[in-house]
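Letters go in sequence order (proteins before strands), and every chain restarts at 1.
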Number of protein chains: 2
Amino acid sequence: MPDNQELAPDTPGSDRQEQAQEKEQPRRRQARGERRIAQLLEAAAHVFCTTGYTAASTNAIAREAGVSPGTLYQFFPNKEAIAIELGDRLMHRMRETYGEALAPVDPATPLEEAVGAAVDRFIAFNCDHPVFFALMHGPDIPGRISEEHDALHATLLARVTDLLSSLLPDTADPADLARTAQMCLGMYKAGLELVLGHAGAEREAYVQELKNALVRYLEPLVGARLGTPARAGA
Amino acid sequence: MPDNQELAPDTPGSDRQEQAQEKEQPRRRQARGERRIAQLLEAAAHVFCTTGYTAASTNAIAREAGVSPGTLYQFFPNKEAIAIELGDRLMHRMRETYGEALAPVDPATPLEEAVGAAVDRFIAFNCDHPVFFALMHGPDIPGRISEEHDALHATLLARVTDLLSSLLPDTADPADLARTAQMCLGMYKAGLELVLGHAGAEREAYVQELKNALVRYLEPLVGARLGTPARAGA
DNA sequence: GACAAACGCGAGTGGTCGCTCGCATTCTGG
DNA sequence: CCAGAATGCGAGCGACCACTCGCGTTTGTC
């Protein structure tokens, strides 16, 4: 509920001019400007969270940040760019913090442990940054962000697929594996929505329920492997 | 205006319940008007499906229906009313067609059969009426429709809960049961999204995958009961 | 056929929103 | 210290949208 996401300005003291793909010059920023940008992004996160992307007005974001509309457009070319930048920073933060959450593919890890760790990490991230969920689930979001969403989805899908193929190395059909990965992601999404919709002990219970669902779904697929006899109760 | 006179135009082929729920006078409609309403709702369904509710403009709906904006407002007081009426008709249709999909609670039914039947029926409905999904999942939808969404969700939740409690009659905690029902609905929603996103054989495969996930999730909970040994392969 | 009401139209209205522009203020390099 | 850039402001512009209004057309009823 509390969006306590302070967004660090990326690597202060280093300017990047190698953006040759954009014909725009890398606009010199003062420390004040970087602060304003962070302030605006925080405000945008709050507004996006409460009203969604399309319903959020740039004036509202500026008001929330305590600046004028003109100031907002000093730092962002348009409304979409705000969401893009916000999404980029969140993605970057996620990668650097929980990037390897899905990576460990030690085949000796019991299923419950692997699933539990991955779920815990991602749930934690989404609880800390509720905007992420809002940005990635809005069906009203225009082109560019949608691309990012697709990219993220593809990335996660690949990770899950890798993790799954390491857990069940002798699976027959890669198409089946792809569907299983899709289903896992979908189940995670559904569970995340339930988790975010509750708090305290109830939230914990839903986290456990999500883990149960995933483990039970995957359990029969790892039947070839030995071990993993435990079954978590609620 | 004069008070309501005899309000029984023939209205061929359809009952009228709208005069009872509207406290306003029930605007006498001609057959032409009813046709226009159906036409407009069909157009609205198409536009809502492709662009979402908020992004859909009433002018676009009118254009899609081949009428003028003024004509649209001859039959609907505002944009929201269009979605409301559309939602009402869909809900009514769903109830009368698949209302008992979740109802049968014969404890002798094997789990796979119960889950499979329920999933098949609801998947079929959602495939026939994609607007339903669009209307019920838009986070951008204003108050009234959101209430309907909540009502539907609560109804489905109650049905699922009933069905579950009939399948596992000796479950300990009703809170656990509620969470399980929520999780089932969430899994169904996630699976539905995957199903709608594919076609042909791939769609069928996802339907099967959804059934597998639900069955495996619920299987350990019905362990007290005997039978249900089969396991469907993909 | 006459009358009223339902239907149909499409330019127009008020309001919101994304975004701009001119100008004032603060910072920074030389 | 001073030119020039970065920052900051907020009224306002154009576009779009939900919705209206006046008027002409069709339909049901007597």
Can you check whether [Y]'s main-chain N or O pairs, donor with acceptor, with [X]'s side chain at less than 3.5 Å?
X	Y	result
A/Arg203	A/Val195	yes
B/Thr51	B/Phe48	no
B/Tyr188	B/Phe122	yes

Kindly give the atom pairs (protein nitrogen or oxygen, nucleotide nitrogen or oxygen) under 3.5 Å for nucleotides 15-19 of chain C.
{"from": "C/dG18", "atom 1": "OP1", "to": "A/Ala56", "atom 2": "O", "distance (Å)": "3.0"}
{"from": "C/dG18", "atom 1": "OP1", "to": "A/Lys79", "atom 2": "NZ", "distance (Å)": "2.9"}
{"from": "C/dG18", "atom 1": "OP2", "to": "A/Thr58", "atom 2": "N", "distance (Å)": "2.7"}
{"from": "C/dG18", "atom 1": "OP2", "to": "A/Thr58", "atom 2": "OG1", "distance (Å)": "3.2"}
{"from": "C/dC19", "atom 1": "OP2", "to": "A/Tyr73", "atom 2": "OH", "distance (Å)": "2.9"}
{"from": "C/dC19", "atom 1": "OP2", "to": "A/Lys79", "atom 2": "N", "distance (Å)": "2.6"}

Using salt bridge (charged side-chain N to carboxylate O under 4.0 Å, His left out), reason through B/Arg159 and B/Asp162 one step at a time and then give a plain yes or no. CA-CA 5 Å; B/Arg159 292 281 184 101; B/Asp162 286 349; over 6 Å; no
Name all residues meeting the side chain to side chain contact (heavy atoms under 4.5 Å, CB included) criterion together with A/Leu194; count only those two or more places apart in sequence or in a different chain, and write none if there are none. A/Tyr206, B/Gln182, B/Met183
What residues form a side chain to side chain contact (heavy atoms under 4.5 Å, CB included) with A/Ala62, not counting sequence neighbours? A/Val67, A/Leu72
Between the protein and nucleotides 24-30 of chain C, list the N/O to N/O atom pairs that are separated by less than 3.5 angstrom.
none

Check for me whether the distance between the ring centres of A/Phe132 and A/Phe125 falls short of 6.0 Å. yes
Measure CD1/B/Ile61 against C1'/C/dC9 and give the value in whole Å, please. 18 Å
Atom CG of A/Leu72 and atom C1' of C/dT20 are separated, to the nearest Å, by 13 Å
Is B/Arg89 salt-bridged to B/Glu85, going by a charged N under 4.0 Å from an acidic O? yes
Kindly confirm or rule out a cation-pi arrangement of B/Lys79 over B/Tyr53, judged by NZ or CZ under 6.0 Å from the six-membered ring centre and within 45° of its axis? yes
Nucleotide range of DNA chain D lying under 4.0 Å from chain A heavy atoms: D/dA6 to D/dG10
Categorize B/Gly70 for me: base, sugar-phosphate, or nothing, with a 4.0 angstrom heavy-atom threshold over every strand shown. base
Run the side-chain hydrogen bond (donor to acceptor under 3.5 Å, both in side chains) test against B/Asn59 and tell me which residues pass, sequence neighbours left out. none
